[in-house]
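Numbers here simply count residues along the sequence, with the first being 1. The analysis underlying the following values was restricted to heavy atoms, covering all of them including side chains, and did not include hydrogens, waters or symmetry mates.
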Amino acid sequence: MDILVIHQNFPGQYKHLAPALAARGDRVVALTLRVKEPATWQGVRVLPYAVHRGNGQNVHPWLVDFETKLIRAEACHAAATKLHESGFEPDVILAHPGWGESLFLKDIWPAARLGLYCELYHQAGGRDVAFDPEFPSREGPREPLRLRMKNLNNRLHFEIGDAGISPTRFQANTFPAGFRERITVVHDGIDTDLLVPTPDARLALDDGRVLTRDDEVISFVNRNLEPYRGYHMFMRALPEILRRRPAAQVVLLGGDETSYGARPPQGRTWKQIFLDEVRGQIAGADWARVHFLGRVPYDRFLALIRVSRAHVYLTYPFVLSWSLLEAMSSGAAIVASDTEPVREAITDGETGLLVDFFDRAGLIDRLERLLDDAALRERLGTAARAHAVATYDLRRNCLPVQLDWVDRLARLDPRAPRV
């Protein structure tokens with residue numbers, strides 16, 4: 001088949017699927033903002049598209065998000081038109097619609113089947129929005145109105161999307177019933193052959209010290225250190241963790257930016273805000289046992305997970321992080337928030353320990369329980385890896401299902417765009 005892949009930061013969630021399609025003989029072309037010049041990556045022809053305008057002035061704040069998506073959709077449509085004029089006629093288009101780019105592609109190729117990566121449908125209550133009372137919506141009771149406009153891009157894609165794919169049941173179930181029935185649930189996949197327990201693992205710290213599995217390492221990993229991923233909850237527990245565990249080395253990975261939710265006050269970062277909040281409660285000698293490594297190469301992340309004695313993962317009811325499943329595959333003993341997406345991956349007392357997101361004392365107690373009980377760590381870590389292999393393994397489980405989904409998508413009668 002001829003397959004077009006759309007992702008503003010390609011490969012993104014198509015990291016494994018796009019090369020697998022190319023490897024089996026499909027002609028795969030990707031359009032993305034990420035590159036400036038045409039390139040070939042693992043058999044995929046990667047072509048750039050460029051945005052040539054910014055947002056207008058005095059746009060209603062509830063429309064700024066959609067205008068940004070519309071600008072990208074227009075730019076992607078222009079690049080796709082040139083691709084069409086060159087003779088490329090995709091049988092299937094695979095698109096992450098989150099940035100709006102795929103809105104107009106069926107107008108160019110109405111016979112193509114459009115498969116959407118369904119990451120999240122925004123909801124006003126019971127999910128991430130309004131979950132944490134410390135960070136209420138600036139819109140107050142008007143928040144559902146804002147979110148309805150934010151979902152406009154999703155709803156326009158429902159009209160043209162032939163089928164969807166979502167990595168977890170939690171994420172699929174955020175979508176309205178009318179589209180939910182078109183979504184196949186299969187995870188992006190974890191390389192469980194690479195992510196294995198490693199008894200002789202070593203992690204070099206920035207000060208030159210090397211941590212091993214003989215050390216009492218507590219790990220905390222986010223793309224960015226921010227409230228959506230429970231950074232504030234972990235930091236507030238940190239003084240007591242250090243007091244109770246005089247031998248613990250606490251290692252945090254994550255950047256200073258904001259991936260999700262509200263941005264911090266101008267000129268500050270969430271990392272620094274909550275670091276400043278607790279710094280006065282921690283003695284200098286104890287503070288020397290806390291290590292912020294920032295964003296690191298993947299092999300350094302693996303080293304941390306492999307030396308970790310207890311791994312902490314906290315999240316709002318939101319998109320599940322790959323890092324949790326990677327930690328499970330590596331055999332880590334995990335304490336995680338008892339939120340809906342986490343419960344899909346971890347069963348309390350079987351593959352990890354769960355704790356209420358807001359329960360600081362409970363988090364500390366469960367950490368201590370893990371750190372004091374080697375047999376419990378071994379049992380939970382072994383079971384976590386077994387579950388990761390059985391459910392999220394890339395090559396033996398997820399990728400075959402994804403490839404079958406593409407083939408089934410190609411056999412559907414295409415949904416034509418409506419004016």
Side-chain angles (χ1 to χ4, degrees), residues 3-15 17-18 21 28-34 47 49 51 62-81 83 90-110 112-123 127-128 146-168 170-188 259-260 318-320 402 405-406 409-410 412 414-418:
I3 297 176
L4 177 63
V5 180
I6 306 294
H7 196 296
Q8 63 97 24
N9 192 33
F10 182 83
Q13 287 86 354
Y14 301 109
K15 175 182 178 180
L17 179 57
L21 290 165
V28 184
V29 176
L31 281 175
T32 181
L33 281 172
R34 187 171 184 176
L47 302 177
Y49 82 88
V51 172
W62 295 351
L63 270 179
V64 170
D65 178 75
F66 182 72
E67 186 191 30
T68 301
K69 293 175 170 60
L70 180 59
I71 290 169
R72 286 178 174 164
E74 181 184 38
C76 191
H77 177 271
T81 298
L83 188 58
D91 302 288
V92 166
I93 300 171
L94 305 178
H96 189 314
W99 297 274
E101 302 158 296
S102 44
L103 268 174
F104 304 133
L105 298 186
K106 280 253 187 166
D107 295 275
I108 303 173
W109 296 293
R113 286 75 167 173
L114 176 60
L116 301 174
Y117 188 93
C118 299
E119 189 161 24
L120 195 74
Y121 189 87
H122 304 285
Q123 298 183 358
R127 303 290 187 184
D128 57 310
R146 183 187 72 85
L147 288 178
R148 192 181 309 159
M149 296 306 300
K150 191 173 179 66
N151 276 323
L152 185 58
N153 173 60
N154 271 325
R155 300 196 71 88
L156 288 173
H157 273 94
F158 295 166
E159 294 186 1
I160 57 175
D162 296 289
I165 194 167
S166 191
T168 67
F170 166 80
Q171 289 165 256
N173 288 340
T174 64
F175 287 81
F179 192 74
R180 169 65 184 90
E181 62 194 24
R182 283 186 260 157
I183 299 176
T184 295
V185 176
V186 56
H187 196 265
D188 309 310
S259 297
Y260 313 111
F318 193 61
V319 174
L320 193 68
Q402 294 169 26
W405 173 76
V406 173
L409 172 65
L412 295 176
R415 300 167 66 91
R418 295 182 296 175

*Asks:* Judged by atom type as modelled, is there a donor-acceptor pair below 3.5 Å linking the side chain of Arg155 to the main-chain atoms of Phe158?
*Replies:*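 Not at all, since once roles are kept as given, no pair shorter than 3.5 Å links the two residues.
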*Asks:* When you compare the side chain of Ile6 with that of Cys76, does any pair of heavy atoms fall below 4.5 Å?
*Replies:*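 Heavy-atom side-chain distance check passes, below 4.5 Å.
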*Asks:* Please identify each residue that fulfils ring-ring contact (aromatic ring centres under 6.0 Å, His included) with Trp99, with sequence neighbours left out.
*Replies:*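 By the ring-ring contact (aromatic ring centres under 6.0 Å, His included) rule, Trp99 matches His7, His96.
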*Asks:* Applying the side-chain contact (heavy atoms from CB on, under 4.5 Å) test to Phe10, which of Thr32, Leu31, Leu33 qualifies?
*Replies:*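 When Thr32, Leu31, Leu33 are each tested with Phe10, the side-chain contact (heavy atoms from CB on, under 4.5 Å) holds only for Thr32.
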*Asks:* Would you call the rings of Tyr121 and Phe175 parallel, tilted or perpendicular if under 30° counts as parallel and over 60° as perpendicular?
*Replies:* tilted
*Asks:* Rounded to the nearest 0.5 Å, what separates atom CG in Asp91 from atom CG in Leu4?
*Replies:* 11.0 Å
*Asks:* Measure the CG-CD1 distance between Leu17 and Ile165 for me, rounded to the nearest 0.5 Å.
*Replies:*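 Here the interatomic distance stands at 7.0 Å.
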*Asks:* Is a side-chain donor or acceptor of Lys150 paired with a backbone partner of Trp62 at a separation under 3.5 angstrom?
*Replies:* no
*Asks:* Identify the heavy atoms of Ala172 and Val185 that sit nearest to each other, and give their distance.
*Replies:*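 Nearest pair, atom of Ala172 first, then Val185: CB-CG2, 3.7 Å.
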*Asks:* Counting distance only, does the side-chain N/O of Gln8 pair as donor-acceptor with the main-chain N or O of Glu101 below 3.5 Å?
*Replies:*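 Side chain of Gln8 to backbone of Glu101: no pair is present.
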*Asks:* Do the side chain of Asp162 and the main chain of Leu114 share a donor and acceptor less than 3.5 angstrom apart?
*Replies:* yes
*Asks:* Check whether any side-chain heavy atom of Leu320 sits under 4.5 Å from a side-chain heavy atom of Phe170, and report yes or no.
*Replies:* no
*Asks:* Do Leu21 and Leu94 touch side chain to side chain, with heavy atoms closer than 4.5 Å?
*Replies:* yes
